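Written out below as structure tokens is the structure these notes cover.
As the structure lists them, so they are numbered: ligands from 1, and atoms in each ligand from 1. Remember, it's a predicted structure, so these values are computed and weren't measured experimentally.
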Amino acid sequence: MIQLYGYDTINTMKVLMLLHEVELEYEFVPIDIRNGEQHTPEFRAVNPVGKVPVLCDGDICQTESNSILLTLAQKSGWGMVGDPASHERLVAWLFYQASTQGPYFGQIEYWSKLAKTPNPDALAHYHAIANRTIEHLEGQLGNAQYFCGSTYSIADIALFPWLHAHEQLGLTLDDADNLLRWLNRIRARAATKKTFVLFEEIGT
Ligand SMILES: N[C@@H](CCC(=O)N[C@@H](CS)C(=O)NCC(=O)O)C(=O)O
């Protein structure tokens with residue numbers, strides 16, 4: 001059975017959402033990153049970078065949440081989109097999420113919750129970038145149901161967790177009705193609800 005090393009983190013959430021959509025059996029191996037378990041020799045043997053998620057299938061272990069999404073979607077046939085233009089768009093969203101949305105929203109989490117020395121300038125800087133990101137995503141989504149059109153795909157799964165957590169970061173979607181509709185559509189899915197339930201259990 002495949003194993004998912006993870007915790008109640010944004011990037012773990014993406015992989016769980018996909019596993020639940022595909023209804024693949026997996027073993028969840030919690031790695032308590034708040035208590036340093038990502039730095040144990042046992043876990044470093046699985047991922048030398050010391051980060052979750054990691055998905056292992058036998059001896060093959062894959063890191064980087066969006067690359068895990070892509071591999072699982074290609075293998076299962078779920079979460080991809082049909083025509084070449086949509087496929088290019090899907091891959092571009094995965095890169096955009098990993099290079100822009102993820103790192104900038106992650107900086108807000110750091111400066112608002114984790115930093116020992118507050119830095120209001122840094123927080124304001126990353127809030128401004130995140131607000132531009134939200135504006136961009138709102139415009140790109142437009143009236144479409146999903147980021148690649150009418151098909152729910154791994155592009156949506158990749159972009160979902162940070163937007164789902166926007167209130168915890170002090171961000172608002174008051175001017176982003178399209179994104180709010182999109183969030184609620186995804187929150188209502190059985191696979192997403194199952195992921196939320198598992199998140200409640202992790203670390204408790
Ligand atoms: N680019 C990686 C980022 C993974 C990552 O940053 N994981 C965080 C949790 S979301 C982590 O394990 N942090 C522990 C640490 O850095 O010590 C991915 O998308 O999987």
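- The closest approach between a heavy atom of P53 and any atom of ligand 1 is below 4.0 Å.
- With sequence neighbours left out, the side-chain hydrogen bond (donor to acceptor under 3.5 Å, both in side chains) criterion links D83 to S86.
- Closest heavy-atom approach to atom 10 (S) of ligand 1 within the set T63, N11, D8: this belongs to N11.
- Annotation: atom 16 (O) of ligand 1 to nearest protein heavy atom, K51 NZ, 2.7 Å.
- Residue I33 has no nitrogen or oxygen atom sitting less than 3.5 Å from a nitrogen or oxygen atom of ligand 1, judged on distance alone.
- In terms of polar-atom proximity, defined here as any N/O pair under 3.5 Å, E64 does make such a contact with ligand 1.
- Of the polar atoms of T9, none of the N or O atoms is found under 3.5 Å from an N or O of ligand 1, judged by distance alone.
- Taking the six-membered ring where the residue is Trp, Y26 and H20 present tilted rings, their angle falling between 30° and 60°.
- Considering only non-hydrogen atoms, atom 5 (C) of ligand 1 lies nearest to V52 out of V52, V15, N66, V54.
- Here's the thing with K14: none of its N/O atoms is less than 3.5 angstrom from an N/O atom of ligand 1.
- At the shortest separation from atom 20 (O) of ligand 1 among protein heavy atoms lies S65 N, 2.8 Å.
- In terms of modelled atom types and a separation under 3.5 Å, the side chain of N66 and the main chain of L94 share a donor-acceptor contact.
- Because its NZ or CZ atom is both nearer than 6.0 Å to the ring centre of Y146 and within 45° of the ring axis, R185 counts as a cation-pi partner of that residue.
- Taking the six-membered ring where the residue is Trp, the centroids of Y152 and W182 are separated by 6.0 Å or more.
- Annotation for ligand 1: atoms under 4.0 Å from non-hydrogen atoms of Q38 are 14 (C), 15 (C), 17 (O).
- Separation of atoms OH (Y7) and OG1 (T12) is listed at 10.5 Å; rounding is to 0.5 Å.
- At least one donor-acceptor pair closer than 3.5 Å links the side chain of T192 to the backbone N or O of I186.
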